[in-house]
There are 2 protein chains.
Amino acid sequence: MPRKRATIREVAQATGLSPAAVSYALRGMQVSEETMERVRAAAAELGYEADPIARALASGRTNMIGLLCGSLEDLWQQSLAVGISRGLREKDRYALILDAVGDPARERALAQQLRDQRVDGMIVQPVDPAAPFWADLCESLPVVAIGDSLAGTAGEVVFDNRRGVSLALEHLHAMGHRRITVLTPTMTSTPDRPADVLVTSEADRLGLDIVVATAPHSLAAATEAAHRTLDADRPSAVFCFADSIAYGVYAAAAELGLSIPGDVSVMGYDNHPMSGLLTPGLTTVDWDIDGIVRAAVRLMSAAADGGARRRRVVQQPTLRERGSVGRAPK
Amino acid sequence: MPRKRATIREVAQATGLSPAAVSYALRGMQVSEETMERVRAAAAELGYEADPIARALASGRTNMIGLLCGSLEDLWQQSLAVGISRGLREKDRYALILDAVGDPARERALAQQLRDQRVDGMIVQPVDPAAPFWADLCESLPVVAIGDSLAGTAGEVVFDNRRGVSLALEHLHAMGHRRITVLTPTMTSTPDRPADVLVTSEADRLGLDIVVATAPHSLAAATEAAHRTLDADRPSAVFCFADSIAYGVYAAAAELGLSIPGDVSVMGYDNHPMSGLLTPGLTTVDWDIDGIVRAAVRLMSAAADGGARRRRVVQQPTLRERGSVGRAPK
DNA sequence: ACGGTTCAGTGAACCGCTTCACAAGACAAA
DNA sequence: TTTGTCTTGTGAAGCGGTTCACTGAACCGT
């Protein structure tokens with residue numbers, strides 16, 4: 001039978017102090033060393049543990065941070081979420097992890113729900129960074145954006161995608177590839193996606209002939225999408241804007257009996273741990289995931305503690321060459 | 001500027017009713033259709049949204065379910081967590097995901113914290129199912145255990161590990177393997193782990209010569225552990241008690257220049273989506289992850305809504321043969 | 001000895017919602 | 001008409017903390 005928890009008033013009773021004094025003492029403010037000790041002892045004695053709900057109601061702070069992911073079907077984003085969740089826990093906060101599954105409408109709804117839930121702040125990987133609601137959101141609570149910038153006041157851990165795309169396309173170019181299909185993550189109705197623009201302009205610069213298509217993150221769905229790409233007018237290389245999608249290409253290639261990189265080269269983006277295990281290893285653009293996690297957690301903690309809110313960390317990618325990109329056939 | 005949220009009193013004011021009536025109306029109890037309509041309209045008008053914190057304090061229910069994972073370094077468990085989180089969200093609950101990283105002490109601490117956080121229930125993958133605190137916990141809130149049974153009142157989605165182990169070892173036996181190393185997930189100080197017992201007894205039955213060792217879930221660490229195993233007195237097959245660990249064996253084998261299954265056969269356990277993508281594909285014991293997710297969510301929802309608490313779902317495994325287990329060399 | 005600061009601690013009003021006990025009116029049964 | 005039951009709705013007391021305004025005492029320099 002779960003004995004009812006002790007309340008602050010009981011501790012007050014036990015020490016002969018007022019509830020207010022106990023409240024202050026437990027948070028180490030405004031009281032003498034001696035009282036503090038007395039309160040601590042009594043609290044320990046009674047097994048007192050402050051109720052986070054009551055505390056949240058009174059103080060307006062919940063110790064929870066919303067983590068709004070772009071799409072948790074992406075293994076890399078899963079790792080990111082797990083890492084951030086762990087990082088926040090170390091700072092004594094809880095992460096409320098939600099998944100927008102690449103849908104801007106859902107993203108909007110979840111952001112709203114998270115705010116209603118009274119989180120102290122939000123870490124988001126915006127699906128639709130241009131959506132207008134971000135500005136309002138950023139005003140009502142600290143927000144840290146990962147990947148893309150957000151209008152309004154927000155911390156940012158942005159990726160130098162320009163450079164990432166360069167790295168990838170330049171390597172493909174150097175290996176002689178000219179006809180390339182780019183597979184970017186499917187998102188419901190986001191117009192003018194920055195990734196597309198970047199890829200197109202970079203391809204132009206290099207004189208590449210590219211086709212942009214989309215593919216979902218989940219292995220089964222990505223495989224299907226890749227299948228269509230490879231079936232049709234086959235390019236000499238496929239550049240996937242997420243390693244998860246590249247996995248789909250591997251699967252499709254296997255089904256079609258195509259060899260990588262013999263028949264088609266594959267370039268990834270992320271460098272998920274599994275990418276090195278495939279045969280051949282996936283050549284990909286590496287983003288230091290630990291660095292991203294640390295930066296996001298640090299920015300969020302600072303912001304939630306009332307510190308600086310506007311702060312920008314830029315992540316630089318590196319090319320991780322493995323075996324999936326070969327010389328283009330003549 | 002985030003306009004202050006409307007409170008229930010303002011809605012009461014607007015409709016000329018008492019706060020109590022509004023409270024009831026919004027939850028569809030005890031009031032006439034007409035008032036209900038009136039309240040709804042006023043609420044919509046004012047943009048009223050009930051404050052979950054205040055509600056939680058007053059009612060004692062938070063709409064949050066704690067999800068205590070054994071080790072999120074395991075990709076399969078990551079998938080599980082993501083799935084459950086999504087499933088709970090569909091039932092209008094939030095998941096608070098925590099990671100025990102295979103440490104019973106940490107598991108205990110986190111369970112405690114989750115309870116302090118006032119979650120309505122917990123879904124756990126017990127690291128140490130025999131720990132005594134589970135009984136108390138199960139008494140104070142609904143608990144659904146995944147994988148292992150828990151003493152005390154709790155819903156359970158248990159795996160027929162006996163059968164899973166049989167499936168794996170029998171297959172290895174059938175393929176002629178006699179000297180087998182079993183790699184089970186590392187956990188800090190759990191004595192008499194059920195998995196070990198199971199494996200040992202099953203191996204005895206089949207007349208297998210097994211060595212049990214442990215390996216962590218993370219790829220890097222698992223690789224190192226696998227390295228040690230393969231370096232030493234090499235078995236003809238390795239049975240990994242988690243696909244994540246098998247991935248480490250693949251990596252180690254590659255480093256050592258060993259071929260799978262030529263030099264060593266590998267058997268997994270879980271069937272993570274990536275397992276089919278490796279070369280050769282990982283032969284593994286498949287647990288229907290969607291089924292597990294659905295069952296866990298269903299049991300938890302029912303229990304948290306005050307329904308049946310004791311309920312047991314048993315999952316049956318199937319063998320998924322791919323190419324990583326070959327005939328043992330003579 | 002005196003006004004002016006600190007310091008430690010108190011009371012009471014919240015925070016915004018739920019819920020219990022009860023009341024008033026409508027309606028049916030006796 | 002009286003009594004009893006049902007339906008709607010009300011008032012007020014919580015839930016368990018935090019925080020603001022304030023008091024008394026001690027301490028300070030002059």
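Naming convention: chains lettered A, B, ... in sequence-line order (proteins, then strands); numbering from 1 in each chain.
- Rounded to a whole Å, the CG atom of B/Leu17 is 19 Å from the P atom of D/dT7.
- Rounded to an integer number of Å, the gap from OH of B/Tyr24 to C1' of D/dT10 is 10 Å.
- Atom CD of B/Glu45 is surrounded by 12 or fewer heavy atoms from other residues, nucleotides or ligands within 6.0 Å.
- Phosphate proximity of D/dT19 to A/Ser59: absent, as no side-chain N or O sits under 4.0 Å from OP1 or OP2.
- Between the side chains of A/Arg89 and B/Gln113, a donor-acceptor pair is found at a separation under 3.5 Å.
- Within 3.5 Å, a donor on the side chain of A/Arg9 pairs with an acceptor on the base of D/dG17, or the reverse.
- When distances are taken from the side chain of A/Leu57 to each of C/dG9, D/dG16, C/dC17, the shortest belongs to D/dG16.
- Of all nucleotides listed (D/dT8, C/dG9, D/dG16), D/dG16 comes nearest to the side chain of A/Ala58.
- Of the two residues contacting DNA chain D, namely B/Ala20 and A/Arg27, the nearest-nucleotide position lying further toward the 5' end is that of B/Ala20.
- Using a 4.0 Å cut-off, no side-chain N or O of B/Thr7 falls inside it from OP1 or OP2 of C/dG16.
- The shortest distance between the side-chain N/O atoms of B/Ser32 and the OP1/OP2 oxygens of D/dT8 is not below 4.0 Å.
- One axis for each end of the helix from C/dA1-D/dT30 to C/dA30-D/dT1, each built from five base pairs, and the angle between them comes to 40° at 10° resolution.
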